[in-house]
Amino acid sequence: MTSDQVLIKLSSSVLSLDEATQFTTLPECGAVSVFIGITRDNCNGKTVLHLEYEAYEAMAVKEIQKICDHMLKTWDVRRIAVFHRLGYVPITEASVVIAVSSPHRKASLEAVEYCIDTLKATVPIWKKELYKEGDWIWKTNKECSWSKDAAS
Amino acid sequence: MTSDQVLIKLSSSVLSLDEATQFTTLPECGAVSVFIGITRDNCNGKTVLHLEYEAYEAMAVKEIQKICDHMLKTWDVRRIAVFHRLGYVPITEASVVIAVSSPHRKASLEAVEYCIDTLKATVPIWKKELYKEGDWIWKTNKECSWSKDAAS
Amino acid sequence: MQRQSLVEVRVLYFAKSRDLAGTAEEIIKVPDRVTSQLLLEIITDRHIELKTIQQNLILAVNQDYISEESGEIQLSTGDEIAVIPPLSGG
Amino acid sequence: MQRQSLVEVRVLYFAKSRDLAGTAEEIIKVPDRVTSQLLLEIITDRHIELKTIQQNLILAVNQDYISEESGEIQLSTGDEIAVIPPLSGG
């Protein structure tokens with residue numbers, strides 16, 4: 001969904017970094033800070049083949065919108081793009097792209113960190129990690145407050 | 001200049017965000033943090049037409065390499081790209097692109113902030129800001145320790 | 001306790017909760033006034049395998065997280081309940 | 001003071017220092033042992049207009065910043081001195 005200042009996408013195809021940075025680039029903004037979360041090839045010694053992401057889509061968008069509202073209230077940021085991948089994601093492809101623009105850099109740097117941290121804590125999206133040995137596991141973010149056995 | 005882990009470029013053409021993120025993306029890295037410094041259209045109420053950047057090129061590369069060496073020693077980061085524009089830069093084009101990759105995001109987020117802050121304080125590059133009214137000024141970063149009248 | 005009616009709600013299951021429940025969604029009848037704890041109990045009684053991760057589940061009603069702090073919740077026919085395992089987005 | 005020789009060095013001027021000096025570079029003779037303060041004095045004596053921003057200049061020798069803390073510096077023929085105004089990169 002889009003408003004003037006926020007662009008949120010859940011996508012089953014490759015996320016566009018260019019689209020995120022183009023949406024956030026404004027003449028009055030001297031800074032764009034970007035965070036890209038990428039599919040790693042290993043976790044705790046096991047070789048990861050690929051990921052599969054699943055979302056409660058309507059609520060995920062709603063929770064991301066809340067995060068963005070808080071960012072717009074807290075920092076002098078002007079545009080925010082948050083893209084999250086769904087479905088099959090191979091190694092080294094992006095699972096999340098966040099871009100934030102501000103007139104001066106401190107705001108965008110702080111806001112992008114807040115965004116990824118809070119996304120991991122509140123947005124109903126789940127990652128299945130599939131291993132070379134054929135097994136798989138649903139992961140848990142350590143940021144998730146109701147997990148009793150938070151792993152990475 | 002390039003090494004295995006660091007890519008530094010001073011360029012008179014458009015900086016490539018794709019090149020920076022492709023260089024830094026590695027299978028063992030779950031995070032890439034990016035900072036893009038963009039040409040703003042105004043400064044203290046004056047309309048900026050464009051910028052012109054100048055560098056003491058050999059020393060600029062050397063100072064950027066020192067920054068990167070410090071980042072590699074201080075954080076678990078794996079690849080760093082630092083691109084800076086030289087010459088004429090129009091409004092909304094990037095003057096600097098920094099990308100940093102790490103297995104986990106905290107390192108890349110902290111390191112990219114350190115990089116832009118320290119670049120502004122130590123790297124011999126100068127920005128001339130040209131205004132609509134026909135005048136211009138050589139700017140001063142407030143991070144520059146030997147400036148007696150630091151402005152923005 | 002106040003007299004209660006039953007309402008029909010849609011329950012959605014995701015990730016590990018869907019694997020354990022054996023379904024992505026279902027329609028069930030629940031009391032129209034419940035706490036989140038009671039609602040979770042009702043749901044995990046229907047799918048016993050969910051008991052193994054009950055401590056790691058929370059619920060959302062109409063796309064808003066609820067918790068014990070939410071107190072007693074008023075439900076209506078057609079409401080959507082989501083059974084949410086620990087998150088791993090980002 | 002120890003007996004001194006003169007050496008030929010290349011001096012580079014950038015940004016505002018180049019505007020005020022009226023040149024991007026020149027070859028000059030300087031003592032082979034100097035402090036940064038003395039070296040800056042020698043350079044700004046050659047280009048009086050630089051006096052207006054002398055407080056905002058530092059020097060680099062062979063691409064390394066120097067300062068009063070550097071103490072006395074040994075110079076050789078062919079060394080490169082840069083006159084560096086306040087930075088504005090990034």
Side-chain angles (χ1 to χ4, degrees), chain A residues 15-18 20-22 24-43 47-51 78-79 90-106 108-117 119-120 127 129 139 141-143 152, chain B residues 15-22 24-43 47-49 51 78-79 90-106 108-117 119-120 127 129 139 141-143 152:
Chain A
L15 302 180
S16 173
L17 176 59
D18 281 345
T21 55
Q22 280 163 17
T24 44
T25 297
L26 291 173
E28 71 263 25
C29 292
V32 176
S33 292
V34 178
F35 179 80
I36 309 167
I38 290 173
T39 310
R40 291 173 63 198
D41 67 355
N42 72 89
C43 188
T47 302
V48 177
L49 287 185
H50 70 262
L51 305 180
R78 300 292 169 86
R79 290 263 182 99
I91 298 302
T92 73
E93 283 192 13
S95 355
V96 62
V97 173
I98 300 166
V100 180
S101 60
S102 57
H104 302 290
R105 71 187 183 283
K106 193 79 184 163
S108 63
L109 287 163
E110 289 182 3
V112 85
E113 180 168 2
Y114 168 82
C115 186
I116 181 61
D117 287 351
L119 186 155
K120 281 175 167 281
K127 175 167 75 176
E129 208 163 67
K139 305 286 297 182
N141 289 339
K142 65 183 190 310
E143 295 79 4
S152 206
Chain B
L15 302 179
S16 173
L17 175 61
D18 280 347
E19 187 182 358
T21 55
Q22 280 164 15
T24 44
T25 297
L26 291 172
E28 71 264 24
C29 292
V32 176
S33 292
V34 178
F35 179 79
I36 309 167
I38 290 173
T39 310
R40 289 173 64 197
D41 66 356
N42 72 89
C43 188
T47 302
V48 177
L49 287 184
L51 304 181
R78 301 290 169 86
R79 289 265 180 100
I91 298 302
T92 73
E93 283 193 13
S95 353
V96 64
V97 173
I98 300 166
V100 180
S101 60
S102 58
H104 302 289
R105 70 186 183 285
K106 192 77 183 165
S108 64
L109 287 164
E110 290 183 3
V112 85
E113 181 168 2
Y114 169 82
C115 186
I116 181 61
D117 286 352
L119 186 155
K120 282 175 166 282
K127 176 167 75 176
E129 207 164 68
K139 305 287 295 180
N141 288 339
K142 65 184 191 307
E143 294 81 3
S152 204

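Chain naming here is simple, since letters A, B, ... match the order of the sequence lines and numbering starts at 1 in each. Predicted model only: the values in this text are computed from it and were never measured.
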Participant: Residues in side chain to side chain donor-acceptor pair (under 3.5 Å) with S33(B), at least two apart?
Facilitator: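 S33(B): side chain to side chain donor-acceptor pair (under 3.5 Å) contacts with S108(B).
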Participant: What part of V112(A) is in contact with chain B, defined as an atom under 4.5 angstrom from a non-hydrogen atom: side chain, backbone, both or neither?
Facilitator: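 Contact with chain B is through the side chain of V112(A) alone.
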Participant: Chain B heavy atoms under 4.5 Å from T21(A): which part of the residue, side chain, backbone, both or neither?
Facilitator: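 Side chain of T21(A) only, per the 4.5 Å heavy-atom cut-off to chain B.
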Participant: With a 4.5 angstrom heavy-atom cut-off, which part of D117(A) approaches chain B: side chain, backbone, both or neither?
Facilitator: both
Participant: Pick from V32(B), I98(B), L26(B), I116(B): which one has the most heavy-atom pairs with chain A under 4.5 Å?
Facilitator: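 Most heavy-atom pairs under 4.5 Å with chain A: V32(B).
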Participant: Quick check: closest heavy atoms across I91(B) and P27(A), and the distance to 0.1 Å?
Facilitator: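 Smallest heavy-atom distance, with atoms named: CG2-CB, 4.1 Å.
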Participant: Output the distance between atom CG (L17(A)) and atom CG (L17(B)), rounded to the nearest 0.5 Å.
Facilitator: 4.5 Å
Participant: If you look only at distance, which donor and acceptor atoms sit under 3.5 Å apart when one is on a side chain in residues 34-41 of chain B and the other is two or more places apart or in another chain?
Facilitator:
residue	atom	partner	partner atom	Å
T39(B)	OG1	P90(B)	O	3.4
T39(B)	OG1	E93(B)	O	3.1
R40(B)	NE	E28(A)	O	3.3
R40(B)	NH1	H104(A)	NE2	3.4

